[in-house]
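First up is the structure itself, then whatever we jot down about it.
The figures that follow rest on heavy atoms only: side chains count, while hydrogens, waters and symmetry mates do not. Reminder, nothing fancy here: chain letters follow the sequence lines and each chain counts from 1. Since we're looking at a predicted model, the values are computed, not measured.
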Amino acid sequence: METTVFLLTVNGQIEGANFPDYDNLYCKYCYVYGHDWAPTTGLEEGITQIASKSIQSHRLIWNFPLETTFKSTNPSGWPQLVVSVYGPDVFGNDVVRGYGATHIPFTPGHLFPFLRHTRTIPMFVPEPTWRLQSWLLGRRPEYTDPKVVAQGEGREVTRVRSQGSVTVSFHIMTKDMKKMGYDTGPSTPSTVQSASSGWSTEVESYAK
Amino acid sequence: MASSSEIREKLRKKRRGLQDSLVKNKNDDDAQALVPSAKFKVDKQPTAMKNAEGNDEDPGETLRRTLRAQRQRRKKTLLEQSLVQECHDAEGVSIAQGCSANEGSSHRADDSVISTRPPTGSQRDLSVRSEHSSSSKHLDAFVTKHLQEKLKAARSKGESLQQQEASAASTKPVSRLKRLKNRDTVTRFDSEVDPVSAGRHEDPLSLRSRVKFREAARKVGKDVPTAEETYNFFTYNHEPDQPSQLDRISRKRQRRREKVEEDRDEDGQAEAEVEEDAEAEEDNQNQNECQSEEAPLVRNEDDLFVIDHSPKDFVEVKKAEYVAYRKRIQRDRELLFTPSFQTVPTSIKLPENMKPRFLEDEGFYVGDRPPISLTNENILENRILKMAEGNKWFGDDGKIIALPDPIKESSTRPPLFHVEGELDPALQTVHRKPFKSKYANMYIAGAADPEGDYQLDVDVSGMIFSHHPLFSREHVLASRLAQLYDQYLSRQHNNLTGHLTDKLNGLRNALRNMVKIHGEQGSSEALQQRISEYSLEVRSTRQLRDTEQEKDRTLLKSIIKVWKEVKSLREFQKFTNTPFKLYLRRENIDRVLDEREYEGEILAEVLEMEAESEEEYQKKLAEYKKQLEDWKLWKKKQKAKRKKKKKKKKGQAQDDTEEEEDQDGSESDEPFEEGPVKPKPPDRPDVDSMEQWVREKASRIRRKPGEPILVPELSASGSITSSELCPRAEIARREDVSRRSLFIKIFYNYKEVSRTDSRSLSTDFRAHFGQIFNLKILNCPQSINLQVFEEIGSSCSLLAQVFVPVPDPSIVTGSAPMEEFEFSSNQRVMFDHEGVGSDVPLSFEPDGSNKLTLLTSGKLSCCVSWGIGEEGVPLAPPVSQQPGATHSGRGHLDAVSYIGASGLYDMKKIGEWATQSRLDPNDPKNTSIMQLLKVASSGEVTAPDYFRLEHLQEEFNFVTDEEIERSKRFRLLSLRNQEAPEFRYYKFVPLLEREISDKVFQDYEKRLKDGEIIDTREHLDPHRALVAKYLQKIRESVINRFILAKHYYQLSDLVIEEEIPSIGSEQLQTRPAPVIQNRSASWNVSLPIRMRILGINLFKLAESKRPLKPQRKERKKVTAQNLSDGDIKLLINVIRAHNIPIRKPQSNKPGQSSQSAIQGSDWYLSQVQVRPFVEVSFQRTVLQTTTAEGPNPSWNEELQLPFSAPNGDYSTASLQSVKEEVFINIFDEVLYETGPSDKERTTSIHTQIEKHWLGSVKIPFSTIYSQSKIDGAFKVNTPAVLLGYSREHGSNSVYDHWRSTHGGMFIRLFITIEPQLVPGESVREKIKEVQFESQEAERLLQASERFVKDAAESYPDRPCITTVTDLSGKTVFITRYIRPLNPPQEFLDAFPNNPQEATTLVARFVSLIPSLPDQVSFSGTCDLWSTCDQFLTLLAGDEEEHAVLLCNYFLFLGKKAWLIIGTAIPEGPTAYVLTHEQSGYFIWNPCSGQFYDKDDTFCPLQTVGCLVNSDNVWYNIQENPSPLSTNFDITKANMWKPFFSRSFSHPGLSSVQPEELIYRHTDRAAAAELQDRVEKILKEKIMEWRPRHPTRWNRYCNSTLKQFLPKLELGRGQDVAEGHRLELQNLLGDYRIAGFPLHLPFSEIRPIIEAVHSTGVHHIHSSNVEFALAVYVHPYPNNVLSVWVYLASLVRT
């Protein structure tokens, strides 16, 4: 039997990052979601180009698109976007510069710039047990799995240092959420209009 | 000057603009200016101190003082002037011109600093203006020019200063002396005055900003500034720069002072002053000089304000100062002190006229003085003598007082020699088990985290003494009076008397009514009852009222009495000490009414009394009658008895006297004891006396009729006689009182947390504190204790302690009322003055009688409550967290409302209680209860029978519990959350209820049901089923234990960190080559790589490019998390095999087979003896190698088998619990040529391929996973008999012969998992951190931990175990497992004369117990060791249990046996058994029952880690751990490191094993039944596996084979004889037969099926094939079963 699902479409982009001390960074992203979620289309994981800072600005720009649709039967385990930033250290070793995670916004966001969801994810890196380690070995400690940062269990054994931030913008669309009894968004009258299509308003401009 | 007015105009405009902006700063600036001056004052003192020494200081000091005075004065005038000036500003310049010369000069002097300020109407400015041309540009020009001049001036100033200083010594302008005296104000100290005026002019011109200005000025000086720059310059708000300025000033001052001193040295004081003056003068001059160009100097020096010197004054460039040597020495002498080396004469060191006294000579002990050289001592003494009170450093003997030399000649501490860390046992650290501190676990949960802060507010408001030792007599009385009055007030407030009177009246009325009704309607039983109840009530109420009234009366009386006493005392002592005054207010009342009431009352009472007494009388009478009756009866009986006794007595005459006496006694006692006294008839109540009594009582306790009501009023308005008028004793007392002060210490949980300020004791013995202490608490409140301390002078004493109850969480600050806590102290205090003391008898009577003893006591008013947080949240811990939350010592809280507030009440109970105790509904105390009951009864509120904590929860439940339980979706979600195995990885729990099929739960429910019902069908054997259930239970309990451990994370679980390499270590060399990622290839040359390039690659140069024996490189490890199906492959590299049995020629029909038995030397070469290939099956994937030839084939092929984890879960735990095994089977490929007929054979050949199973190796996946790779030669399990094959190779080679007889088949394999998985850290490691409880001594555990750690450090590849976990999860020392245990008796009896046989029998028995790795059975938890009896009951265990059992059996048989902890292939870390016999050492594999000679190269044991027996554990510290080269002589200390040594002896650990093992005989019938069932199942299975071919069973062969099997069992699997094979061959001559017996220990049916399947017998598809199958189950004691399956395929030829 075909199970009833609701859909969540995440569009957006990893806009860039602010790492004052580092340059030539690239970013990897992946999603962490619960048992009742599955991606239907789009890339679940990705890696950006290496970006360098310009002379004028300290921001790194990736503008890396995200486009994934999830189906789900249960809002528990709502997807989280996990980003991890890597770049070379003084010796040229590729080391991790930050991990961060954020939940995909719940509320459908519009394509208008003033209503979209922009998240600035503060980043952090695990600290080495031995201070000189990164110097001697040229490697920083890394999480066994970047997905660790989206989970709560076992984090207490690590020590982290905060480091820069990554900005991600999202455009969110949901389908059938309301039908299933999950009301996430502000109920704007315009959504009622398009309720027949199943997708919330923002879909209108997107899907048609 | 004509344009001057224009200029003025412009300037004014400009000025106004500026001023507007500045006005608001003006006042501030003034203040600012003053502040630095104040600071300056402070600053200059230390500098002055530094310079001035000794008597030099005085003039400086006086000078300064005068200056300060001057300054103050001037400041005042300046302020006044400034006011004036402001007016001038407004009026215009013309008026300003008229300014006093004074001011003008001041400004002029100022100019040096503030030349550029806007004009403010001063004279100087005017002059400036007049000099310059008219435009504002000109002004700018002027400014710049002026600045330039400034700079110049500064330079010249510096020069002049220098000059001046150079000449200072010689020039002495005496002439100025006089002037100095007139105006000693002219110093630079005045500088701070200046800003007052300066600040008025322009904002930035405060003292601090001047330096900035100077800089700006300098800049200006360099080139002519633009207009803009100048404007900026003007308007720029300069930053304060105070320190440098101050510095400068102070430096300058210092310098000058120095100079002054120098001068003074030569010329004396007066001259110094002159000098100073001169200098000041000079400075002034300089300034004036600079200004002279711009402004005319107004010299009026007498009252000239020499205002600040410009900063430029301080810029000085001068030559290095030279001071003559002589002078310097002289100066040094003043400053420095060099103690002489000369010995100080003793007389100086001692007080005058004293002779040195030598204690030593007097016989006192004087220790050795610490050695000190004589010179140093002299220097020290000289130095000390220079000091004030230097003498006190010297002892009586004239020497410096010194302690004896503390250094001892020899060490008193025993030397510590660290030999291998073994300390003297006496010096060893003693480890104790930690015990819990009393408060250890009483932390309030969440108190540690920042939000969870709890705060107790202790409000100590004050205290009053009801008695104090310093009370005078009057005080004692007064306090008594006060107490009585308090009591009176509280009684008045309660008005019990009135209440009771009302109640009495009400009752009487009711009674009267009732009697009336009763009289009219006739009595009923109930009514009667009620009347009597009522009258009873009336009586008791009356009595109560009487006592209350009496109390009131006596209280009033005693108040008056005490007041009289006070008055008389006051008169007597002629002074008043207390302010108390008692007024008695008279309330007149209507006499007649009163009398009537009184009489009525008495009458009613008398009537009642009469009625009562009548009733009483009646009752008594009735009783009397009854008693009389009884008495009479008794009397009669007694008489009869006595008669009887007398008769008896006669009969008993012969009894001895004693008895008689006894009897007599008893007889005589009887009437006294038992006989009731004859009752007397009760007297009739006397009514008259009753009335008399009532009247008497009334007069005693009640106000007489007509007597006015007296209302006492106590006031404290009286005056106290002042101390002067008091006698001396009283004065002393009062003084004593005033000396005392009180403070209170607050103890929380017996720890002092705070204390109040000390407050002096007031004359009325009260102290007010009014302090609130906020205690932020972490520990649960246990006690709050306030200690009252009294302070007399500096000493303080504890007066009393007050314990305050811990408040309920509901009591928060603000709402909590103040409470009074009484305290007292039993300290005895006596005084010689008027104070009465404490615990001292005291009398107020003149004759000293009626003594009182009063103790210090009082009341402390305080309040403890929980604090309130910022948002009004009470900072109290939740109720549930308070252990012993029964601090219900709150008297003021009504019990019921208190309970009701927290929501736990039982209405029924309260109702019952209320009716039982007959609560008075009118009592105000009971109102709340009554109301509650009323509400409860009216509103049908049924009290719940249950206890509910959150009674509001129901409001928030949006569906009922049943409904939510019924929800399938909810159930699914919660089961998944509980990690029920079926749902652990369940994905997509459907969104809608209807989409969840009921099937989902079927498995789960079945499993739950199976928990109870044992499925015997699957287990084939009821006992096994039971065991399986038991195992399941243990497993569950153990898993529960390990849940904690599983969720315990370590850093390494989460973070990958490169380990720190020890340079040059092996680790670095074997590290995986860095994977160069394309993402950053260009940068990926890291430091360690470079290190490696430098270090290791040097070695690598020497290495051959293609080494002959390449080492396997370690691969990158992959964590299991990000894997999915198909990612993991099992790599099996089949290298080669040895000693494969060869086909036997069919002897009876030569020529039939492709091989013929050709005898001779070329047979070996020509024969295709065997064509073996290897087939690997895993998870039903089957792969095979190519076919090789010969008995020692070499394949060297890699096979890749896909691996999929159960449920697609690639987590470590899941992988660890994979039970599947890798089967590696060796087959012989046999080609048969078959043709339709002989004719066609020439043209076509039909070959038929058959594969014959030769042997197999099973490797559990868990082994591969945990070891990540397996590499080595495995012994192939070969059947005891292989029909058609022979082990003898027919070779004559001795080596081959030896091998063929000995070893059997071997196959060399390399197995690994691709990609390499991080082997799950066995939970054992984690358990160590979780630390299960252990019964072992702490010391032992520590020692074992150390032992294991050391072992792991020195030889990481050798396993070492000292402690193991038993089935209950406790840590047990390993030696406890070893103990001689009896094997089944029948084994011993079987071969009474052949111990060797018995040994092998026992080993076989042990090997027949099924092996089940712990890792599998406890799904990745840990290695648990069961004891032998548990093992035999469970009938499953891993190598360790087998080994322990075998070792224990061997010990019982009298062998020397040890447990070997080592590694073997394929098991990995395992346990074997070592025995020592005459012929040498033998190593036993407990799981196979085979034994190996120590020197056997094919022994699967690879490493010997340690040896264990019941006494000790020895760790192998030999170089080569392989058993071949290991010396097993454990006595050799350089080869074996014992755990228990001399330093740590064996503590006599008792064994955990049972004393004796009890065996059950196995039911043979059950075995036979099992045998049939197995056979049936196997036959079915084989047929099932051949779905497209008919399976024919050769019954004849079946039965023949069946006969062989018991023989095989008897022969214990050894190749008994060729006999039966031959027999078979003979019998089945027509068939080509291939077959073998399989032998298995029995645990379940599944492994048997699996084993049969793996042989692939069923794969023979030739049409004429027949099968034969025989099963034999041999029972051993305790349900150990040996299963034989004989499989054969027969092809008719």
Is there side-chain contact between B:Leu973 and A:Asp36, with at least one heavy-atom pair below 4.5 Å?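 SC-SC contact between B:Leu973 and A:Asp36 confirmed.
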For A:Arg155, I'd like to know if atom CZ has over 12 heavy atoms of other residues, nucleotides or ligands within 6.0 Å.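 Above 12, so yes.
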I'd like to know whether NE2 of A:His58 has more than 12 heavy-atom contacts from other residues, nucleotides or ligands below 6.0 angstrom.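 Open: at most 12 neighbouring heavy atoms sit under 6.0 Å from NE2 of A:His58.
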Heavy-atom distances under 4.5 Å only: say whether A:Tyr182 touches chain B with side chain, backbone, both or neither.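 Contact with chain B is through the side chain of A:Tyr182 alone.
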Please classify the contact between A:Glu45 and chain B as side chain, backbone, both or neither, with a heavy-atom cut-off of under 4.5 Å.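 No part of it gets close to chain B.
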Give the minimum heavy-atom separation between B:Arg969 and A:Thr73, together with the two atoms involved.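 Reported closest heavy-atom pair: NH1-O, 3.4 Å.
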